[in-house]
Amino acid sequence: MSKLFEGSAVVQGTGLALAGMEISVTLNEEEMPMNWRAELDELRLRERLAHEMGGADKVRRQHDGGRLTVRERIDRLVDAGSFHETGAIAGSATYDENNELKSFTASNSIFGRARIDGRPVVVVGDDFTVRGGSADATIHEKPLMAERMAAEFRLPIVRIIEGSGGGGSVKTIETKGRANLPGGVGQSIGFHYVTSNMAEVPIVALGLGSVAGLGAARLAASHYSLMTKSSAMFVAGPPVVARVGQDLSKQELGGWEIQTKSGAVDHAVDTEEEAFACARRFLSYLPSSVHELPPKLAGDDDPERRDESLMQAIPKDRRQVYKVRPIIDAVVDRGSFFEMGAMFGRPIVTGLARLDGRPVAVMASDPYFYGGSWTATACQKIVRFVDLAETFHLPVVYFMDCPGFLIGLEAERAATIRHGVRAMAAINQTSVPWCTIILRNSFGVAGAAHQPAGRLALRYAWLSGYWGSLPLEGGIEAAYRAEIDAAPDAAAKLAEIEDRLNKLRSPFRTAETFWVEEIIDPRETRPLICEFARLSDKLLTPGPCAFPIRP
Amino acid sequence: MADMPVLSELNAVVLKIEVAPGDRVQEGDTLIVLESMKMEIPVSAPRAGTVTAILVREKQVVEEGQKIAILGG
């Protein structure tokens, strides 16, 4: 046996002569009469060679690094036995002088259809054991066809990315004898699908291993991206970065803490198994494409359930913070909240959940981060999240406690106000049903951006509601300057004005004037938002979004 | 257990320091209270241990990612 077949199963059956070597192939149909026995044997042989990937040594090296091979990854991601591969026998072969197959190396891009929770999907994965996943062994059309298949057949796509994700290396210059123009003639259509599919089908991207260049782009151009904590992702890796004077390890340059805090990757997990579980869970809330509506489940949690803990959820002292995630957990279908992007734009919490079995997009303020003030990054997170909700027809529920935009020099330097009005525009441009629960603060322009401004949304304020154009602190000095300056004791005057205003700012006075339509007992929240989700059934319309979402 | 730095997760001012070096703390105990946007934001122990060092003082401005305490085994 030649080295080529080392490590493959010992098989018995019909001998198949290729390149002068006697190769055994298992065939159950041995005795069956067939016109095409030799051809079938060759097909099975070539498929078997493809399954050897980069060979036993490379596979061992992949496992020694604590990583699964791309075929193992696909098997563990999808429903058992459901993977149907396209183009398995595409690769590069060598032939002897008689034109008999001598050796074969599969393309390092593997794709096909499979099922996740019984629903069809497209899966495309990089095989790092073949030339480190680089472009010269990819066959450009394979990942491209995977993207096309997802678009044309309206199926979610899961990208399993390792290495340069089909991107070129400088070696390509030598193998091709010329330098590639990125996006040049015949090379741009792949880039088209990488972003255009975001407006068509759910895209989940998993970075497993070192991910760079085009791989990093394919990871980031997704609705939900994940990496394992041992992985790293960067535009260019340490050797390239060293040339610009930064001596950093892979982890220091693009480890999970860097990439989840920067918002380039949504979530990091310890194991590949967890990454697959997250991918499956994310997809469970979404329709297969924009042409369908999100899948409803039979609700297994009482929509009328009233959680007593909600009466203690918000501290009476307005300077004190509280944890918002337990509030979300208490009002959505039990165990259904799935947070996304927890480490980025942290004054805002975003995730998917179910209400009476219906998938919804949940947004909430987290007072632990600047009291829930909108920072520039929180605004970026809001834009991406409400665009996701709009694209896939998810009603939005926003649990709001926003004292305004973050203020101060750093906030001005970060262009908080422009990112802020962009977030406001994103909210205003939605057409999906919207419901806002005001938990506590609503101040200023960021406070105003709590529901789409041009249409009716549902809104409920908790008993703890507290609002105004400006916070009193600092606001009084600005508005009552003359009165304070004229007083013999400025501090006493300030306190007197503050006391006067505080008496007027009871939320009941606002409700009396009908500037807020409803103040509720917090325990009524779940029944009301479940009603909202049921009312939304009639309003959701499948089809492409008026504006295609961007990564 | 190895020393573990406790970081500020935001730009803030140190309002109160609730523990001193040598104190035993449980996971979730408040170590330091920061102030930002007029809110009091507790920084709690990420795990049980002994406070090895407090690296800030009250009224000090701290930045996101800055080490503010060290927690030992």
Side-chain angles (χ1 to χ4, degrees), chain A residues 257-258 260-262 314-324 326 342-348 365-378 401-414 416 439-441 443-444 446-447 466 468 470-476 498, chain B residues 1-20 23-49 51-73:
Chain A
E257 282 175 306
I258 305 274
T260 56
K261 283 183 182 170
S262 73
I314 310 290
K316 273 244 150 180
D317 180 350
R318 279 196 299 268
R319 286 170 55 81
Q320 278 180 10
V321 295
Y322 58 88
K323 292 187 169 150
V324 76
M343 298 293 284
F344 172 67
R346 298 179 78 178
I348 288 284
S365 310
D366 185 350
Y368 272 76
F369 293 88
Y370 304 108
S373 304
W374 281 15
T375 57
T377 55
D401 179 358
C402 181
F405 289 118
L406 184 69
I407 57 171
L409 180 58
E410 284 312 308
E412 302 300 337
R413 283 204 169 114
T416 305
L439 302 184
R440 185 157 65 178
N441 293 300
F443 282 88
Y466 183 71
L470 273 173
L472 292 188
E473 303 87 342
I476 298 177
E498 188 165 344
Chain B
M1 237 183 297
D3 280 356
M4 182 183 207
V6 178
L7 311 180
S8 172
E9 290 182 315
L10 70 169
N11 301 329
V13 175
V14 178
L15 187 70
K16 274 179 285 187
I17 295 170
E18 304 267 354
V19 291
D23 286 0
R24 287 284 307 165
V25 293
Q26 296 304 313
E27 182 182 335
D29 284 357
T30 298
L31 306 176
I32 290 172
V33 180
L34 302 175
E35 185 181 27
S36 170
M37 293 296 283
K38 291 165 265 166
M39 303 292 291
E40 295 176 8
I41 297 168
V43 178
S44 50
R47 60 166 169 80
V51 178
T52 310
I54 297 290
L55 306 174
V56 292
R57 51 185 200 289
E58 286 179 4
K59 298 203 172 105
Q60 183 180 334
V61 174
V62 294
E63 290 181 3
E64 182 184 341
Q66 186 175 333
K67 283 181 200 171
I68 56 175
I70 306 281
L71 197 59

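No experiment lies behind these values; they were computed from the predicted model shown. Convention: sequence-line order gives letters A, B, ...; per-chain numbering from 1.
B:Met39 touches chain A through backbone and side chain together, each having a heavy atom under 4.5 Å away.
When all heavy atoms of A:Val321 and B:Pro42 are compared, the pair lying nearest together is CG2-CD, 3.5 Å.
Listed by chain and residue number, B:Met1, B:Met4, B:Leu71 satisfy the side chain to side chain contact (heavy atoms under 4.5 Å, CB included) test with B:Arg47 (two or more places apart in sequence, or in another chain).
With rounding to the nearest 0.5 Å, the separation of CG in B:Leu10 from CG in B:Leu34 is 6.0 Å. Once rounded to the nearest 0.5 Å, the distance linking CE of B:Met37 with CG of A:Leu406 reads 5.5 Å. To the nearest 0.5 Å, atom CD1 of residue B:Ile68 and atom CD1 of residue B:Ile32 are 4.0 Å apart.
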Using only distance (under 3.5 Å, no hydrogens or angles), which donor-acceptor pairs connect chain A and chain B?
from    : atom 1 : to       : atom 2 : distance (Å)
B:Glu9  : OE2    : A:Arg346 : NH1    : 3.3
B:Asn11 : N      : A:Tyr370 : OH     : 2.8
B:Glu35 : OE2    : A:Arg319 : NH1    : 3.0
B:Glu35 : OE2    : A:Arg319 : NH2    : 3.2
B:Lys38 : O      : A:Arg319 : NH1    : 3.1
B:Glu40 : N      : A:Arg319 : O      : 2.7
B:Glu40 : OE2    : A:Arg319 : NE     : 3.2
B:Glu40 : OE2    : A:Arg319 : NH2    : 3.3

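Side-chain contact check for B:Val25 versus B:Val19: some heavy-atom pair is nearer than 4.5 Å.
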